[in-house]
Amino acid sequence: MKKIITLLAALTASLLLFACVNQKKSPAAQDFVQVSGVQFKKNGKPYFVAGTNMWYAAYLGSPGKVGDRARLAQELDKLKSIGVNNLRVLAVSEKSEINSAVKPATTNGFGNYDESLLQGLDYLLVELAKRDMTVVLYFNNFWQWSGGMTQYMSWIDGQPVQDPNVTNEWEAFMAKTASFYQSEKAQQEYRNTIKKIITRVNTINGKAYLDDATIMSWQLANEPRPGNSKTTAAEKQVYLDWINGTAAFIKSLDPHHLASTGSEGEMGSANDAELFTRAHASSDIDYVTYHMWIRNWSWFDKTKPAETWPSAWQKAQDYMAAHIAIAQSLNKPIVLEEFGLDRDMGAYSIDSTTEYRDKYYREVFALLLANMQKGEASAGYNFWAWNGAGRTTRSNYWWQEGDDFMGDPPQEEQGMYGVFDTDTSTIAIIKAFNENINTLMKK
Ligand code: IFL
């Protein structure tokens, strides 16, 4: 009998030890941002995204030549001080020869990765965790400024990328880029890259990315569109299959983190709201994303602000309401993860005023706050974008290799939409909204 009791005690002790070790290894689900109906939750409390876009944040974290860890710390401290709790960041870029693409790149041909840029991502995750911030990481880009889908296709067919900034042939560019969804080779390589990132172990803190709750969401791509304005029904189906297949692949590797599309909404879905809805219907897509670009979409004319503002703002309100309603119908949260406006009269200079931008931020925030307070589907935002301490010395405002990184990517004039650390009026508006969001998170 004594022997049996000793044996049982030993067994219980080893079971307990096993449970403890296991608990240490497996991440607690509640540490991760989770979805609960139309809201996010973290650590059992409501979680709202009070974010910015900072595509280059992992570049700054690199121990290599392009890195600037001191600047990264300065930017994160500043963002934290104004209540920003989330960054939307480019995880992987592809090496491109065109002028409007960033250099260097994470991928220098299929399977050929720049380890120092990946270590930049490691470093970023560590620094974000220190500040209790989360990150949305996107794996690809519909636009050429980071190489993106069009670079994949160029590697496959051997044809040089036709830079639409030069040719002005945006329709042709979009059609070529969207061929990415149909290419078996591209999809194989894309999945290899996704797997490479998701299964990475952080070289700085030794943590598996899989276990890192700093990562809020894996995002398929920045602004993936189904094609150009002539997208066919068959192409739309290919696009949906790509979204559903990729999201399922991500979940098969990593069931803990959220997955999202990076879609702009109806305007980036061949003007097809039904397609947008279907693109967010899969249970592997955890929440809905949309972007809003009132000047890019010609709702607002930066040279005629007073005349065009009223109708632009009406369209913006309708756009927001329609997308929030879609999220509501899918019973998922929705994040306005990109929006922005030019400085007054479309100036790029850091000294120019931002009256209309400030107005736009104020109005968007008021609408979002009202929706959040009602407990509806709006679950956060990321303004586009954080320029912070970045500066250009170029009189034409175009980025060149070696220049400071800014929220405005190399495909656009530096200073166009990004918020500088000296933009005190805009920053005060952001801070005030984030304080309101913070109050909601304490409830
Ligand atoms: O810089 C652009 C970025 O590629 C994007 N959406 C719009 C931004 C501003 O034009 O994702």
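The model shown is predicted, which means the values in this text are computed figures rather than measured ones. In listed order, ligands and their atoms are each counted from 1. For the numbers below, each heavy atom of this structure counts, side chains included, while hydrogens, waters and symmetry mates do not.
- Of all atoms in ligand 1, listed by their number and element, those nearer than 4.0 Å to a heavy atom of Trp143 are 4 (O).
- Ion pairing between Arg343 and Asp423 holds under the 4.0 Å rule for side-chain N and carboxylate O.
- Taking a cut-off of under 4.0 Å to the non-hydrogen atoms of Trp145, the atoms of ligand 1 that pass are 3 (C), 4 (O).
- With respect to Arg278 and Asp272, no salt bridge is recorded, no charged nitrogen being found less than 4.0 Å from a carboxylate O.
- The pair Lys304-Asp301 counts as a salt bridge, with a side-chain nitrogen and a carboxylate oxygen less than 4.0 angstrom apart.
- Looking at atom 1 (O) of ligand 1, its nearest protein heavy atom turns out to be Glu412 OE1, 2.6 Å.
- In this structure, Arg191 forms a cation-pi arrangement with Phe249, its terminal cationic atom sitting closer than 6.0 Å to the ring centre and no more than 45° off the ring axis.
- Neither side chain, Asp114 nor Thr106, offers a donor N or O lying under 3.5 Å from an acceptor on the other.
- Neither the backbone nor the side chain of Asp408 has any atom closer than 4.0 Å to an atom of ligand 1 (non-hydrogen atoms only).
- Results of the ring pair (Phe, Tyr, Trp, His ring centres under 6.0 Å) test with Tyr239 over Phe180, Tyr181, Phe142, Phe276 single out Tyr181 as the only residue that passes.
- Of the N or O atoms in Gln411, none lie within a sub-3.5 Å distance of an N or O in ligand 1.
- The protein non-hydrogen atom at the shortest distance from atom 8 (C) of ligand 1 is Trp293 CZ2, 3.7 Å.
- For ligand 1, the atoms lying closer than 4.0 Å to a non-hydrogen atom of Asn222 are 4 (O), 5 (C), 11 (O).
- When ring centroids are compared, Trp293 and Tyr417 come within the 6.0 Å threshold.
- For ligand 1, the atoms closer than 4.0 angstrom to any heavy atom of Pro409 are 1 (O).
- Between Leu253 and Lys195, the closest side-chain pair of non-hydrogen atoms falls below 4.5 Å.
- Interface atoms of ligand 1 facing Tyr417, defined by a heavy-atom separation under 4.0 Å, are 9 (C), 10 (O).
- Listed by atom number, the atoms of ligand 1 under 4.0 Å from Glu338 heavy atoms are 5 (C), 6 (N), 7 (C), 11 (O).
- The protein heavy atom nearest to atom 3 (C) of ligand 1 is Trp384 CZ2, 3.6 Å.
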